[in-house]
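One structure is given here, and the rest of the page talks about it.
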Amino acid sequence: MAFLKLLARNRLALAGLIVIGMVVVLALITPLLPLADPDVTDTPNRFKPPFSEGAILGTDHLGRDLLSRLMWGTRLSLAMGLAAAIIAATIGSAIGIIAGYYGGRTDNIIMRGVDMLMAFPYILLALAIVAALGPGLMNALIAVAAVNVPFFARNIRGITVGIAHKEFVDAARLAGMRDREIIVAEVLPNVLPVIVIAMSTTVGWMILETAGLSFLGLGSQPPQADLGSMLGEARSALITNPHTSIVPGAMILIIVMAINLLGDGVRDALDPRLKSGALSRPMPATTVDRQGAVPAAKTESLLDIAGLRTEFRVRDRLYKAVSGVDLHVEKGECLGIIGESGSGKSVTALSVMGLVASPPGVITGGAVHFDGKEIIGAPYEVLRSLRGRRVAYIFQDPLATLHPLYKVGDQLIEAIQSHDSVSSADARSRAIGLLKSVRIPNAESRIESYPYEMSGGMRQRVGIAMALANNPDVIIADEPTTALDVTVQAQILSVLSDLRRERGLAIIFITHDFGVVGQLCDRVAVMYAGQIVEEGPTAAVLRNPQHPYTSRLIDCVPTLGGGQRKLSAIPGLPPVVDNLPVGCAFAERCDKAHADCRAGPVELVKTEEARKTRCLFPEVVSERSA
Ligand code: ADP
Ligand code: MG
């Protein structure tokens, strides 16, 4: 099972699992072991030291066998802790789910009650409950469970509130499901991992708390042993006969440590966000593990990418996201990279500045020359000085790139000051200038806005302004208009196009829309399954696409006033890059595919002046007309 595998990879959690597993097994088989009776007193033999005849851990103040008491006491403490955790989790989660799901007044009444319980220090509350119910094992259990209910209720309510407003719950409601069914079928499965996580991280606490009550004489009653009462009884002999305290103390330490380590491991393995590799903190720059020689730059351009290979190593799979990409962009030029989603455009772009998350990303080959210098595998300081200052990025979703809690002006100022030590006043006036240059009206007052106060188009302009903050030479725009509607898209494209002319910016524009490429780009490179399949001047490629994939992509663009042309979609799906065919990756979906296409790798060859195509049967003749 994936969960167990993940857990086993966490060494500490595994150690915790093994230790707690052994303790549990010992506790389970205690009645079968040939142990002395834990409750039989033998006062002549009191305080025997460990390793004495007949008592391997010694005896306590009444001459009872410590080993036997330890085993029986551990059994009792574990059972108490677990029972308390299960009771608290069940009641607390039920309260939390009901409060979170129904909301409004129900929520208010329940949660104020929970708050009242939470207002007391919980040990005091537990003491008060036991005092009211009277000392005893059962009552200690109830007290510990009760003081932990609010913890679960609060946690689970928070999660449930988030889920209760999700679309799938609305959908279930629209489908006519009753509240009870929705809670069981839709909400519970989503909060269950959280309940398990909360339990696994609190069992240790509950064992400590029950032991604490027993220590004070409010839990297990003599002669019955649990770890807390053993410690309590040993207190008076702490100095003279420390072994009587050390034995149960060490056991508590071992149990609680093991459970907490295991609990952390369970949490990490169950949390879906951590499962995707977020647990491993990404490095500041992509790992470089280049096999073979570093290729020389193929051109003298400002930015030259040669033979770039980037892979993702995810457990036993290898995703070849980018396999041997050559690209270059001149000063002031706009290069379009186009391809379906998953073709490796973003990974190519991120690899340039070492921004692919590692792990799992690894750059395994190729070179990137910026301004003549090779930067793949350059020290982090070099990359950092280039990022933002020489090469800047614009991403697809400005709402996700802008910090929601800071004013856009402050974010711009921060971007400026991270590379330039200018005074805040200067940075501020530069920020206003930037907003003006991306044609944001009322820049002086807009600088005080929060991202959520702006429309999508305005936010993306701020995104562009951020990219411009340090006067970069190259801007890499990764689908910057995909989240915007067409009219706003046109405005953003015209802003970018003006900026390019005014500042001599080089732009790498990533998109999946040939219409956008046609408006903005001088040259275009078509990507498929991590490779460039066609490259050339935009006008020429649009007029005469040579690779079948390119023509299919162009056919996907609707034209206004183009008559009743049938829009065509490309049949099939792009291949998954962990299992690429040996031959042409597009052959599966290509109506011209031939046995030769599948036989072996197809090279990217020059077909015309400034044009290259990776196809055995390119359509070179310009016969295509609208
Ligand atoms: P796009 O062309 O849509 O920008 P990407 O460059 O984001 O595509 O992704 C290219 C391929 O890289 C995807 O098909 C995916 O299989 C793989 N990939 C991207 N990120 C990861 C990751 N974190 N782990 C594994 N594979 C990934
Ligand atoms: Mg992408």
Side-chain angles (χ1 to χ4, degrees), residues 2 6 272-283 285-287 289 305 308-327 335-366 368 393-401 460 463 467 475-484 489 507-514 516-517 521 524-535 547 549-550 552-553 556 570 572-581 585-586 588-589 614:
L6 266 175
R273 276 168 307 167
L274 300 176
K275 231 186 267 182
S276 63
L279 184 59
S280 38
R281 202 174 333 139
M283 324 258 267
T286 312
T287 312
D289 176 15
I305 303 172
L308 180 71
R309 289 177 184 278
T310 307
E311 298 174 349
F312 291 94
R313 298 174 180 168
V314 184
R315 265 170 270 152
D316 45 356
R317 294 256 184 87
L318 184 67
Y319 293 87
K320 296 189 173 172
V322 177
S323 359
V325 163
D326 299 329
L327 282 176
L335 168 73
I337 303 182
I338 188 165
E340 277 166 290
S341 150
S343 50
K345 309 179 298 289
S346 298
V347 176
T348 306
L350 292 172
S351 300
V352 169
M353 282 286 120
L355 288 171
V356 177
S358 280
V362 188
I363 295 179
T364 55
V368 173
Y393 285 84
I394 305 171
F395 295 104
Q396 176 175 337
D397 182 3
L399 198 52
T401 7
Q460 193 55 290
I475 283 193
I476 301 181
D478 191 349
E479 312 213 26
T481 57
T482 303
L484 306 174
Q489 163 168 312
I507 298 180
I508 297 183
F509 195 96
I510 298 175
T511 177
H512 56 252
D513 182 353
F514 248 115
V516 174
V517 170
C521 301
V524 60
V526 183
M527 265 193 102
Y528 190 75
Q531 291 183 318
I532 305 288
V533 295
E534 173 156 8
E535 194 196 319
H547 196 285
Y549 180 58
T550 315
R552 304 304 287 265
L553 276 182
C556 292
I570 310 178
L573 290 173
V576 184
V577 289
D578 67 337
N579 191 13
L580 288 174
F586 188 64
E588 278 307 305
R589 306 166 73 188
R614 192 186 291 276

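Since the structure is predicted, the reported quantities are computational estimates derived from the model, not experimental observations. Just follow the structure's listing: the first ligand is 1, and inside any ligand the first atom is 1.
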Practice prompt. Tell me which one of Phe312, Tyr528, Tyr319 gets a heavy atom nearest to atom 20 (N) of ligand 1.
Written response: Phe312
Discussion item. Heavy-atom contact check, 4.0 Å cutoff: does Gly339 meet ligand 1?
Written reply: no
Worksheet entry | Numbered atoms and elements of ligand 1 in range of Ala321, under 4.0 angstrom, heavy atoms | 11 (C), 12 (O)
Worksheet item: If we only count N/O pairs under 3.5 Å, is Lys345 in contact with ligand 1?
Response: yes
Discussion item. Tell me the closest heavy-atom pair linking Ser343 and Tyr528, and the distance in Å.
Written reply: CB-CA, 4.1 Å
Worksheet item: Counting from 1, what ligand 1 atoms have a heavy atom of Val347 closer than 4.0 Å?
Response: 5 (P), 6 (O), 9 (O)
Practice prompt. Return the minimal non-hydrogen interatomic distance between Ala467 and Tyr393, and the atom names on each side.
Written response: CB-O, 3.7 Å
Worksheet item: Within Ser346, is some N, O or S atom less than 2.8 Å away from the Mg ion (ligand 2)?
Response: yes
Worksheet, complete the sentence: Looking at Gly342, Pro575, Ala529, the heavy atom closest to atom 3 (O) of ligand 1 belongs to Gly342
Worksheet item: Less than 4.0 Å between a side-chain N and a carboxylate O, is that true for Arg589 and Glu340?
Response: yes
Fill in: Short side-chain to backbone donor-acceptor contact, Gln460 and Phe395, under 3.5 Å
yes
Item to complete: Check Pro480 against Ile394 and note the closest heavy-atom contact, atom names and distance.
Response: CB-CG2, 4.0 Å
Item to complete: Examine Thr348 against ligand 1 and note whether any of their N/O atoms are separated by less than 3.5 Å.
Response: no
Discussion item. Whether the Thr550 and Glu534 side chains hold a donor-acceptor pair (N or O, under 3.5 Å, no angle test) is what I'd like checked.
Written reply: yes
